[in-house]
K.L.:
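Mind having a look at this structure? Questions to follow.
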Amino acid sequence: MTLVLDRELKQLLDSPRLPVIARQLDAVLADEKQRRRTFYAQISEEDKAEFINGEMVLHSPVRLRHNVSSKRLLVLMDAYVTTHNLGYVGYEKIMVSLTRNDYEPDICYFSQAKVATFTPDQMRFPAPDLIVEVISESTERNDRGVKFDDYAAHGVAEYWIIDPDVETLEQYLLPAGSDAYRLAIKAMTGQVRSTAISGFEIPVRAIFDPAINQAALQALLFQRN
């Protein structure tokens with residue numbers, strides 16, 4: 001990916017049309033900046049909306065399978081983070097504002113150091129340490145596309161993609177000094193251990209199976225520091 005970008009950039013730098021292209025890019029970015037200001041002015045706390053590459057994306061209600069999976073993981077992650085005072089776990093309506101785009105991930109985790117800078121009335125947030133997206137037919141393209149690249153480019157150390165239809169978890173990690181994720185695991189069973197949330201480890205099936213979820217919750221709550 002880096003080699004492709006470098007090659008494309010070199011072609012632009014060598015092109016006599018570079019000044020023309022630069023002016024066109026400036027115009028596009030200026031228009032996008034205005035659209036983003038309009039987006040901020042129009043949205044309310046009731047909206048489930050994102051701003052992606054100059055366009056507002058409104059999300060429809062989710063299927064029960066999607067909501068159940070994300071809630072099970074949220075309960076586990078929030079219980080562990082709260083018990084060990086590790087930071088804050090946000091859910092759905094936390095707007096993450098990156099350089100060009102604004103996202104509302106299904107679940108996101110901020111370390112204690114980042115949380116210390118937050119204010120009670122804050123509505124836009126910096127890049128989290130971990131993001132979870134539960135994919136659906138309408139969101140998968142962005143979850144695996146622009147978000148995948150954008151999260152990595154902004155240093156989100158860990159990215160989980162959950163597919164509730166086939167009941168799989170993909171864990172992506174960002175190697176030190178890199179701006180591209182590598183796949184750590186893709187699994188339907190076994191354990192997943194977070195690197196962003198120190199000590200957080202659960203069975204993959206705890207996201208999909210209610211009995212395993214309850215057992216995992218008890219184990220987390222009574223886990224020693």
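Just so it is clear, the values below take in all heavy atoms, side chains as well, and ignore hydrogens, waters and symmetry mates.
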K.L.:
Is the Y172 to Y151 ring centre distance short of 6.0 Å?
P.N.:
no
K.L.:
Quick one: closest heavy-atom pair of I161 and F148, and the distance?
P.N.:
CD1-CD1, 4.4 Å
K.L.:
Strictly below 4.0 Å, N to O, side chains only: are R35 and E55 in salt-bridge contact?
P.N.:
yes
K.L.:
Return yes when atom CZ of R17 has more than 12 non-hydrogen atoms of other residues, nucleotides or ligands closer than 6.0 Å, and no otherwise.
P.N.:
no
K.L.:
Measure the shortest side-chain to side-chain distance between V156 and L174 over non-hydrogen atoms and say whether it is less than 4.5 angstrom.
P.N.:
no
K.L.:
Nearest heavy-atom pair of V204 and Q191: which atoms, and what distance?
P.N.:
CG2-C, 4.3 Å
K.L.:
S97 versus Y40: any side-chain heavy-atom pair under 4.5 Å?
P.N.:
yes
K.L.:
More than 12 heavy atoms of other residues, nucleotides or ligands under 6.0 Å from CD of Q122: yes or no?
P.N.:
yes
K.L.:
Under 3.5 Å, is there a donor-acceptor pair between the Q112 and N85 side chains?
P.N.:
yes
K.L.:
Within the structure provided, determine whether Y103 and I52 are in side-chain contact (heavy-atom separation under 4.5 Å).
P.N.:
yes
K.L.:
Should we count NZ of K114 as having more than 12 external heavy atoms under 6.0 Å?
P.N.:
yes
K.L.:
Could you check, using the six-membered ring where one of them is a Trp, whether F118 and F110 have ring centers closer than 6.0 angstrom?
P.N.:
yes
K.L.:
Looking at E32 and R100, does any basic side-chain N land under 4.0 Å from a carboxylate oxygen?
P.N.:
yes
K.L.:
Are T139 and E133 close enough that a side-chain donor and a side-chain acceptor fall under 3.5 Å?
P.N.:
no
K.L.:
Please say whether more than 12 non-hydrogen atoms of neighbouring residues, nucleotides or ligands are located less than 6.0 Å from CZ in R144.
P.N.:
yes
K.L.:
Within a 6.0 Å radius of atom NZ on K33, are there more than 12 heavy atoms belonging to other residues, nucleotides or ligands?
P.N.:
no
K.L.:
I'd like to check M56 versus Q42 (side-chain heavy atoms, cut-off strictly below 4.5 Å). Are they in contact?
P.N.:
yes
K.L.:
Between V96 and A127, what is the shortest heavy-atom contact and its length?
P.N.:
CG1-CA, 4.2 Å
K.L.:
List the atom of M77, the atom of L130, and the distance in Å for their closest heavy-atom pair.
P.N.:
CE-CD2, 4.1 Å
